Amino acid sequence: MIRIRDLEFRYGGQERPVLQLNELSIAKGERVFLRGPSGSGKTTLLGLISGVLRPTRGTVQILGQDLSALRPSARDRFRGDHLGYIFQVFNLIPYLSVGENIELPLRLSSLRASRAGKAGQEGSASARRLAAALGVEELWGREVSRLSVGQQQRVAAARALLGAPELLVADEPTSALDSDHRERFIELLFSEAKKQGTTVLFVSHD
Ligand code: ADP
Ligand code: MG
């Protein structure tokens, strides 16, 4: 799923690399938790894995594809087809409803749309199923700006999993949740990922 070799990354103009990684391999279907203190380069690593950042040196392959070999438009398409991403905060598009946010991948990727089934007025069956599994089905038509952070993160998880992307990347998605909600969120996320055979890379400082 992920193969990293001789990776080095520095932000523009920096003398010392913020990240150096000789090797990292993650197999399909693995669920990996990566822990490191704040500032250790976790978000940078996820940026490299999702092709938002390009390595200063070395290679990052996802599903055997070297991301820096792709043109920007092809890289965007690759990401839309194969990657679900959950951010720490500000995951959702504020002017779309819960359901529209969850179904976003269906608009961005025909591959994921074909895996999930067509979206309709009430959403595709798999969008509905994921919303129910994550406990946000009753929020379907609601404005996302009126949700609690915990609800927002569960909507973000449903969106990231919709259309069964091969890889799910989660960047400290529980840091704004209290500890009860944190555990429950992680359980739901991992059990849904397991059902779909989605590889998970989950990072946190904690
Ligand atoms: P983490 O996610 O583990 O907290 P980051 O990957 O965000 O760590 O940051 C790693 C290091 O890179 C930090 O020292 C941070 O200050 C630096 N950094 C992050 N983003 C940028 C940027 N856009 N430009 C310059 N330095 C950055
Ligand atoms: Mg970070």
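Along the sequence shown, the residues carry numbers beginning at 1. All figures in this text were calculated on a predicted structure; none of them were measured in a lab. Ligands are counted one by one from 1 in listed order, and the atoms in each one are counted from 1 as well.
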Exercise for review: Applying salt bridge (charged side-chain N to carboxylate O under 4.0 Å, His left out), run through E15 and R10 and close with a yes or a no.
Suggested key: CA-CA 8 Å; E15 265 178 43; R10 57 189 88 204; over 6 Å; no

Using heavy atoms and a strict 4.0 Å limit, residues surrounding ligand 1 turn out to be Y11, Q14, V18, P37, S38, G39, S40, G41, K42, T43, T44

H82 meets the ring pair (Phe, Tyr, Trp, His ring centres under 6.0 Å) criterion, sequence neighbours left out, with F78

Per side-chain contact (heavy atoms from CB on, under 4.5 Å), L92 is matched among L104, V144, V98, I102 by V144

Protein N/O/S atoms closer than 2.8 Å to the Mg ion (ligand 2) number 1

Check: L177, V203: one ILVMFWY side-chain cluster at the under-4.5 Å cut-off?
Finding: no

Do Q196 and L130 have side chains that approach each other closer than 4.5 Å (heavy atoms only, starting at C-beta)? yes

Q: Would you mind reporting whether N91 and R159 have side-chain heavy atoms less than 4.5 Å apart?
A: yes

When every non-hydrogen atom of A116 is compared with those of S126, the smallest separation belongs to O-OG, 2.6 Å

Applying salt bridge (Lys or Arg N to Asp or Glu O under 4.0 Å) to E23 and not counting sequence neighbours gives R5

**Q.** Flag for Y95-S145: side-chain donor and acceptor within less than 3.5 Å
**A.** no

